[in-house]
Amino acid sequence: MSSIPISLLGLEDDSATECLVADDYQKKEGKWCSGCGDFGALNAVKRLLAKEQLKPEKIAFVSGIGCSSRFPHYVNSYGFHGIHGRALPIATGLKLARPDLDVFVVTGDGDCTSIGAGHWIHATRYNTNMTVLLLDNNIYGLTKNQTSPTTPMGHSSMTSPRGTVLPPLDPLQATLGITNASFVAQTADWVPAHLYATLEAAYHHKGFSFVRILQRCPKFTADVFLENVKDPNLTELLVHKEGVNAPGLDKLFTNQRTHDPKDLDEARLLAARTDKLRLGIFFKDGSRPVYDEIRAVPPVSPEEKVSKLEKEFDRYAV
Ligand code: SF4
């Protein structure tokens with residue numbers, strides 16, 4: 001990627017820019033249905049990029065396939081709209097090749113927890129330094145309403161017209177069970193202050209930051225989060241000095257639980273409970289091994305790479 005001129009990627013060299021605002025990071029208007037939770041996630045991301053004053057040419061957004069995976073088209077940065085389920089290995093390769101880039105992955109429940117599930121497990125274990133947004137709307141939206149692994153039991157869809165019969169896969173429990181998981185959080189598109197603060201914490205975590213964003217899909221799963229949107233008492237906020245702290249949240253959510261994000265056992269217990277929806281950082285451990293730091297690969301210059309390639313090609317020359 002480094003050899004492609006910035007101008008060809010539609011990026012501006014902003015070295016002369018003094019201050020970037022959120023809208024500077026919007027490449028074009030998001031094409032999602034009206035009321036889609038993906039808009040909220042995009043807004044939070046733009047705010048974060050502006051707050052951190054990240055240069056567009058130093059950011060990369062990688063996605064798979066799905067409604068939320070259109071994200072890279074809308075962010076003024078490098079972008080890679082990948083193939084179904086493969087966002088995480090693409091992002092891992094990118095981060096290893098270009099450690100100077102801030103890498104963000106945007107994936108959906110169908111993309112990450114189904115076809116991409118194997119990559120999800122190993123990317124979590126590798127703990128490469130990147131921020132992962134799992135936009136979980138509990139359905140395959142782009143392909144028009146098929147049951148995904150996180151679809152609630154009983155929910156009717158094109159593929160389960162009489163309602164799904166299996167209990168849904170819980171991305172938090174699954175990630176918390178993977179060796180070397182280092183950051184696991186849950187937030188919701190309808191609580192912008194919490195969403196923003198969670199992404200900010202995830203961005204500053206060293207390692208693989210996994211953020212499940214509960215995302216409304218008014219088109220196909222309008223009922224799924226409706227009660228929680230209407231009644232904040234159905235939600236419990238996880239609070240701690242090491243957790244997510246944003247102004248106004250304590251007034252909005254009277255149900256609060258002090259949870260130390262270092263406590264993995266309690267994180268697993270809380271993720272397994274279904275009595276309330278929980279928002280916050282479930283687990284965070286910045287001391288876990290980070291693959292980009294521990295892999296022992298001696299640096300190879302571009303000239304050496306070209307010379308090795310030429311030598312290899314010469315073997316086949318007549
Ligand atoms: Fe958003 Fe659902 Fe429409 Fe997809 S189908 S753009 S997830 S509202």
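In listed order, ligands and their atoms are each counted from 1.
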Atom [atom1] of residue position [X] - does it have more than 12 heavy atoms of other residues, nucleotides or ligands inside 6.0 Å?
{"X": "K276", "atom1": "NZ", "value": "yes"}
{"X": "R125", "atom1": "CZ", "value": "no"}
{"X": "Y126", "atom1": "OH", "value": "no"}

Inset, instruction - Quick one: look at R216 and ligand 1, take heavy-atom pairs under 4.0 Å, and tell me if it's side chain, backbone, both or neither. - result: neither
At what distance is the nearest protein heavy atom to [atom], and which residue and atom is it?
{"atom": "atom 7 (S) of ligand 1", "result": "N137 ND2, 3.2 Å"}
{"atom": "atom 8 (S) of ligand 1", "result": "P218 CD, 3.5 Å"}
{"atom": "atom 1 (Fe) of ligand 1", "result": "C36 SG, 2.4 Å"}
{"atom": "atom 2 (Fe) of ligand 1", "result": "C217 SG, 2.3 Å"}
{"atom": "atom 4 (Fe) of ligand 1", "result": "C67 SG, 2.4 Å"}

Legend entry - Heavy-atom check, side chain of K27 versus side chain of Y74, under 4.5 Å: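 No. Closest side-chain heavy atoms not under 4.5 Å.
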Inset, instruction - Would you please say whether a donor-acceptor pair under 3.5 Å links the side chains of T147 and S157? - result: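 Yes, S157 and T147 have a side-chain donor paired with an acceptor closer than 3.5 Å.
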Legend entry - Metal site atom 1 (Fe) of ligand 1: N/O/S of C33 inside 2.8 Å: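 Checking C33: none of its N, O or S atoms is under 2.8 Å.
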Inset, instruction - Measure the distances from the heavy atoms of K144 to every atom of ligand 1 and state whether one is below 4.0 angstrom. - result: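 Flag not set, K144 not near ligand 1.
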